[in-house]
Trainee: 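Quick one: the structure is below, questions incoming.
Chain A is the first sequence line, chain B the second, and so forth, proteins listed ahead of strands; every chain is numbered from 1. Only this structure's heavy atoms are used, side chains among them; waters, hydrogens and symmetry mates stay out.
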Amino acid sequence: MNEFIGFTVSGLVSAGLYAIVACGLTLTYTTTGIFNWAHGALVAVGAFSYWQFAVDWGLPTPLAAAICLLLVGPLMGVTLEAVIMHRLEGTSEATRMVVTLALLLGVLAGMNWIWPPSQQRLVPRIAGGHVLTVLGQRVPYSDILVIATGLLVAVGLRTLLYRTRAGVEMRATVDDRTLATLNGASPSRTAMRSWAIGSTLAVLAGILIAPRGALSATTLALLIVNAYAAAVIGRLRSLPMTFVGAVILGLATGYAQGYVGSRQDITGYQYLVGLVNVLPVVVLFVALQFLPQSRLRGARVLRVKEVSSRPTWPGTLVLAVSVVIVAVAVAPLLSPGDLNSVTKVWGLAIVALSLVPLVGYGGRLSVCPLSFAAIGAVVVSHLGGSGNPVVIIWAVLIAAACGAVLSLTVIRLSGLYLSLATAAFAVMLDNWILTLPKFTAVIRVPFTDVTLYRHEITIFEGGSLDVRRPSFFGVHTTGDHAFFIYGAVVFALVTLVVAAVRRSDFGLRLIALKDSPVGYATLGLNGRLTSMAVFAFSAGLAGLGGAVYGAAIQRPSPNVFSFFSGLSILLAVVILGVNSIGAAAAAGVFVGGPALTNLFPGLAQLSSTLIGTAGIGLGDNPNGAVPAEMRPRWRPVPRAPVVLVGGLAAVVITYFLTLAGVLGNWTFATVLVVVLLAMPPVARYVAEIPAPRPVRDAEADGLSGPPELLGLTLPVTSADLDRVSREISVPRPRPTGGSHGT
Amino acid sequence: MRQTRIPMRRALVAALPLLLITAACGHESPDTTPKSTNGSSEQGTDTNAQPAAPGEFGTLKGVCGRGDGKTVPSDARGVTDDEIQVGVLNDATSTLAPGLGAEYLAVAKAFTEWCNAAGGINGRKIKFVTRDAKVTEAAARIVDACQSDFMLVGGATPFDAPTVEPREECDLGAIPAYAASPEATTSKLQALPTRVPAKQANVAAIRLLENEFGDAFERTGMLAVDVSSLLDPALAVREALPKVGVDIVSFQKLPLEVASYRTYVQPLVGKVDAVIPPPAPDAGFFRAMNDVDYTPKVLLDPVGNTYSQDLAKAFADAPVDAPYYLASEIFPLEMADQNPATKLAMDLTKKTGTKLPIDAGMIPAWASWLLFARSASECTDKLTVDCVIEKATSDHAYTAGGLIAPVDLSDPTSIGACRVILSLTADGFTYEPKITKPTDGDGVFNCDDANVVRLDG
């Protein structure tokens with residue numbers, strides 16, 4: 001009995017922690033409509049700021065806490081809203097997720113720079129470690145404070161949201177911004193208020209959590225993943241339920257560790273130990289299953305329309321062939337170490353490509369591409385001992401089957417909930433399934449001693465897989481050079497497959513489903529089946545990518561396929577353009593290639609800053625950088641063949657000179673960059689086309705300016721009139737006689 | 001494994017690749033040295049009154065020097081008439097675990113400066129280059145090293161299984177600071193001065209504390225970290241301890257990032273009397289023990305993973321009213337004044353101006369460098385990788401001049417028998433001669449053969 005009380009008290013102590021963090025997250029979501037994946041980073045900022053004031057600068061503890069709560073918290077929130085969050089108005093779920101993820105990574109990078117992790121930082125205990133004895137258990141006052149604060153926060157926020165005008169205003173703005181404005185609310189001021197309160201709660205959580213041990217930015221930021229379960233139990237809406245969820249989560253973890261995780265005498269304990277460590281995400285996954293079914297929604301009005309252009313066969317073939325040509329061309333220029341590093345690029349690019357049909361065409365926000373890649377790599381490692389390439393087909397099939405099974409469990413979910421469910425799956429796979437010790441699968445005839453099948457299975461045997469590079473028709477890809485080209489060929493083939501899918505009937509269905517599930521269902525089509533199919537297809541592709549990636553590394557360990565590595569691929573793909581095949585290639589190169597960090601080894605933070613700012617810029621145009629910025633700029637180039645040929649010639653000549661050793665790699669890179677930057681403006685000049693303005697807001701419709709200004713401050717052009725006529729389906733009146741039309 | 005404990009804890013498994021940054025400089029902690037407490041020093045080694053001759057390191061002679069003036073012929077990669085290029089593996093600029101292995105670069109600088117001042121390796125100066133594996137790029141760094149390095153010395157990386165094939169293929173010799181994976185431990189062209197429990201384990205701590213804490217050992221609890229490079233040694237220890245009468249009633253696997261230690265400490269209450277802590281507990285572990293009012297009869301680290309200043313700080317922050325003992329194969333840094341080799345190593349490292357704490361984690365790197373230099377200096381006929389490795393692995397009782405307990409370099413899976421017992425209090429680490437009962441004459445180590453337990457499988 002004493003033991004039970006002990007575990008209960010421990011569980012409640014964790015619960016208090018989860019409660020404050022989850023309530024802050026729920027509040028932010030309820031009042032701004034944005035699920036802040038970076039909430040944990042804000043908690044970390046709170047903890048470290050508190051350390052900075054209270055320990056490093058030696059201010060008295062109450063003063064330090066006050067500065068953090070009254071100054072740092074609100075300031076952080078207001079800055080976030082002003083710089084980043086207001087751009088997310090009217091954007092899709094994928095964009096919001098990517099932007100907040102980019103924020104998470106950016107903030108963590110900044111924290112590791114300001115407070116280097118090599119130093120141990122300790123914060124003094126609250127209330128000096130004095131304890132209260134309850135039911136024979138010692139509970140430190142600091143922990144009581146945490147639980148009490150959690151409860152107060154839950155109750156207080158509920159009162160704020162439902163009983164005060166400010167709270168009602170916040171909820172109204174999320175519900176229907178326009179209507180709220182008409183009723184006298186000020187959305188921008190409300191948003192600032194919401195973010196300020198949310199950030200302050202995060203800082204409060206940070207201050208309360210800090211005394212639990214040495215400060216670590218990553219731990220604090222990732223702690224939040226466990227708290228998601230509590231927020232979901234509260235259905236991201238009800239704060240008291242969130243608190244209840246936190247209690248359930250805390251108690252479950254406490255009991256699980258106490259009764260299962262620390263015991264050696266339970267059968268199969270070695271398989272359950274890992275499960276205990278991922279229990280919070282298991283609770284999350286289970287909680288998501290019990291969410292009430294959401295109604296089919298109609299087409300959503302987004303501020304900037306997401307465009308998924310139909311890839312043409314010539315365009316795709318050019319991309320595929322040029323990928324292979326570039327691979328063949330670049331390989332001899334690289335140093336052996338770089339070549340070894342760069343073999344990873346194609347596997348990652350295929351994984352990135354697997355996200356295009358799922359997240360791009362289908363709009364199903366799944367964040368576990370590397371999990372299926374891991375499955376693919378495991379299959380190839382276990383079956384492909386002799387470098388047999390046929391194993392890859394098995395990898396694809398098994399990964400696709402797993403994808404189909406997973407999709408069954410998440411079939412009712414969409415948007416944010418789907419991303420949370422797939423995140424839970426990814427973490428479960430990483431931290432439990434992939435690290436299972438070896439077990440024996442036995443199939444026996446029931447009630448007899450006859451064994452039909454017995455096989456000993458170790459998933460990641462001894463910490464790393466052994467993946468052989470394939471050989472076929474006498475071609476061995478064991479060398480880095482050969483494998484690099486092989487990877488490029490596989491990637492090129494996969495791009496053709498994805499383009500074919502996009503151009504097919506199935507592709508049209510995916511886009512229709514993403515656009516309007518209601519319309520899809522009205523036409524009598526089965527949305528769930530389509531959803532399952534695209535999940536399976538994407539998982540199969542990711543499995544293929546994993547097989548190639550695993551073979552590139554040759555001895556991958558589980559951390560290579562971790563959830564957070566997968567997130568950076570997702571980020572790169574969405575930032576560059578999740579509807580675009582070319583963008584996936586670029587994403588793979590960016591994430592997998594050594595280029596940036598090797599070019600400027602002292603500027604490792606450059607790549608993180610780039611991702612951060614690029615992610616934030618995504619708010620302006622969710623179509624991604626490649627379709628929105630790069631394609632419009634490059635459109636004039638084919639129309640000025642002189643420039644195209646000239647540029648190509650310059651690059652080719654420089655390339656052969658570099659190959660011959662006359663010029664260095666740096667010179668070649670410089671020439672390449674200069675040519676690529678110069679070609680679009682020169683082509684435009686030559687073809688005398690005005691510079692394209694990037695697609696924005698109302699101008700997306702082909703008018704030369706915002707419609708309310710046409711005729712007022714801007715001239716109405718002929719093209720405008722054509723556009724309007726087309727829109728209202730009325731033939732444009734032709735000028736009669738000698739009078740001019742306007 | 002003392003080398004991967006603290007930085008790995010911070011970020012490794014669930015960390016964000018690529019996009020976390022590190023700063024080379026910054027607000028690092030001021031240079032800390034272990035307090036030099038002599039403890040009961042009547043058994044200390046003789047204080048060396050005269051300064052060591054250049055090229056001598058403690059009891060190790062002929063480490064560096066000009067030789068007989070003639071250049072030793074060599075057609076090995078990385079060797080010119082004036083210089084030998086040596087690569088140092090580390091992960092200092094990694095984004096997953098910034099600063100991991102930075103101490104290897106500090107030791108490399110300290111050693112090469114000292115050695116080159118004493119004449120180098122038979123007249124050839126050592127030039128070291130950093131091979132930063134950034135945790136995930138170990139194989140690529142080996143390929144780089146294969147272009148221009150003679151050998152890899154004094155460094156290491158936690159995920160080293162991918163390094164074995166490329167390294168063996170290009171005949172790149174290695175004397176690393178540690179080997180994490182079983183493949184790396186038994187790889188060719190390698191000498192390994194520092195080992196972790198795998199096929200054998202050292203149980204000196206149990207044997208020497210049996211009298212006082214035999215009862216407590218009947219209810220022992222272990223906490224391990226669920227990362228293969230840290231978990232495998234713990235599993236080996238778990239297999240070894242029952243062979244000397246320890247009953248492990250609780251074995252917990254902690255994630256790399258622990259938010260709340262209380263969850264893992266609570267199950268120990270009332271069930272466990274002897275606690276084997278995880279490899280790098282921070283203050284939270286001890287605070288949690290205070291929170292639940294749990295005082296075991298003894299805290300014990302049989303492998304010596306926790307011998308570090310960070311642990312001492314953590315323990316001092318929230319002292320637990322229970323004795324804490326650890327067994328180490330490193331000559332205690334607190335008694336540096338009594339061991340010329342240790343004092344020299346610490347002084348040389350401090351002289352480089354590094355801001356890193358002068359910690360026990362640096363000693364394996366020193367042991368590697370000394371072995372390399374001594375073995376290379378012995379190759380007077382022709383300087384090749386094979387010769388260096390052959391000379392290195394022929395030493396059956398290598399002590400790195402007195403820095404470490406003797407280890408048999410010919411068998412990379414063997415664990416040395418000698419250990420010293422240190423206790424930890426709020427004032428720091430102290431050598432415990434009455435518990436250690438040293439068997440090596442004037443030394444500090446207990447070298448009873450029964451200290452080593454062989455494991456099956």
Side-chain angles (χ1 to χ4, degrees), chain A residues 2-3 6-7 10 13-14 17 105 108-109 112-113 116-120 122 125 129 138 140 143 212-214 216 218-219 222-223 253-254 257-258 261-262 264 273-274 277 335-337 340-341 431 435 462-464 553-555 557 559-560 562-565 568 591 601 604-605 607-608 611, chain B residues 7 10-23 26-29 93 95 98-99 136-137 139-141 143-144 146-147 159 161-162 181-182 226 228 248-253 255 257-264 266-267 269-270 282-284 287 290-293 310 313-314 317:
Chain A
N2 216 15
E3 190 181 74
F7 294 146
S10 273
V13 165
S14 308
L17 208 147
L105 299 179
L108 278 179
N112 277 338
W113 178 59
S118 49
Q119 183 186 352
Q120 197 181 172
L122 295 171
R125 313 296 307 271
R138 278 164 56 117
D143 287 331
R212 291 199 173 205
S216 156
T218 327
T219 315
L222 301 184
L223 169 73
T253 336
Q257 185 63 25
S262 59
Q264 301 217 90
V273 165
N277 278 340
S335 71
N340 184 286
S341 273
N431 292 340
T435 56
S464 58
I553 304 181
Q554 291 181 290
R555 299 209 72 107
S557 45
N559 75 306
V560 155
S562 74
F563 170 54
F564 284 89
S565 311
S568 45
V591 175
Q605 54 267 44
S607 58
S608 44
I611 294 234
Chain B
R10 299 216 188 283
L12 199 57
V13 162
L16 307 156
L18 290 195
L19 302 164
L20 301 177
I21 56 168
T22 186
H27 323 113
E28 294 191 28
S29 54
T93 69
T95 49
T136 51
E137 289 177 28
R141 282 309 87 72
V143 173
D144 280 339
C146 279
Q147 309 309 309
F159 291 111
S181 60
D226 199 1
S228 61
I248 300 181
V249 300
S250 163
F251 184 86
Q252 299 186 70
K253 282 202 248 181
E257 307 287 341
V258 177
S260 177
Y261 276 100
R262 189 179 175 136
T263 324
Y264 302 98
Q266 185 73 50
V269 177
D282 67 43
R287 284 185 181 182
N290 284 336
D291 279 352
V292 303
D293 189 22
D310 272 344
K313 245 194 281 184
D317 165 80

Trainee: Contact part of A:F7 toward chain B, heavy-atom cut-off under 4.5 Å: side chain, backbone, both or neither?
Mentor: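 Both the backbone and the side chain of A:F7 come within 4.5 Å of chain B.
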Trainee: Regarding B:D291 and A:R125, does a basic nitrogen lie under 4.0 Å from an acidic carboxylate oxygen?
Mentor: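 A salt bridge is present here (some side-chain N lies under 4.0 Å from a carboxylate O).
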Trainee: Could you tell me which portion of B:Q266 (side chain, backbone, both or neither) has an atom closer than 4.5 angstrom to a non-hydrogen atom of chain A?
Mentor: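 Contact with chain A involves both backbone and side-chain atoms of B:Q266.
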Trainee: At what distance, to the nearest 0.5 angstrom, does OG1 of A:T253 lie from CZ of B:R262?
Mentor: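 If we round to the nearest 0.5 Å, A:T253:OG1 and B:R262:CZ are 13.5 Å apart.
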Trainee: Any non-hydrogen side-chain atom of B:P162 less than 4.5 Å from a side-chain atom of A:Q554?
Mentor: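 They are not in side-chain contact.
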Trainee: Which heavy-atom pair separates A:Q120 from B:A283 by the least distance, and what is that distance?
Mentor: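 Scanning both residues, the minimum pair turns out to be OE1-N, 3.9 Å.
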Trainee: Going from CG on A:N431 to NZ on B:K253, what distance comes out if it is rounded to the nearest 0.5 angstrom?
Mentor: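 Taking CG in A:N431 and NZ in B:K253, the distance rounds to 11.5 Å.
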Trainee: Pick from A:G258, A:S335, A:S10: which one has the most heavy-atom pairs with chain B under 4.5 Å?
Mentor: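 Among the listed options, the one with the most contacts to chain B is A:S10.
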Trainee: Run the side chain to side chain contact (heavy atoms under 4.5 Å, CB included) check on B:R287 and A:R212 step by step: do they pass?
Mentor: CA-CA 7 Å; B:R287 284 185 181 182; A:R212 291 199 173 205; over 6 Å; no
Trainee: What are the two closest heavy atoms between A:S557 and B:F159, and how far apart are they?
Mentor: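 Smallest heavy-atom distance, with atoms named: OG-CD2, 3.5 Å.
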Trainee: With side chains defined as the heavy atoms from C-beta onward, is the minimum distance between A:S14 and B:T263 less than 4.5 Å?
Mentor: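 The answer is yes, as the side chains (C-beta and beyond) meet within the 4.5 Å cut-off.
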Trainee: To the nearest 0.5 Å, how far apart are CG in B:D144 and CG in A:N340?
Mentor: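 CG of A:N340 is found 8.5 Å from CG of B:D144.
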Trainee: Can you check whether A:Q257 reaches B:Y264 side chain to side chain, under 4.5 Å on heavy atoms?
Mentor: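 A side-chain contact exists here, since the closest heavy-atom pair is under 4.5 Å.
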Trainee: Could you tell me which of B:A314, B:S260, B:S250 has the largest number of non-hydrogen atom pairs under 4.5 Å with chain A?
Mentor: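 Ranked by heavy-atom pairs under 4.5 Å with chain A, first place is B:S250.
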Trainee: Has B:D317 got a side-chain atom pairing as donor or acceptor with A:L122's backbone, closer than 3.5 angstrom?
Mentor: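 Answer holds: no.
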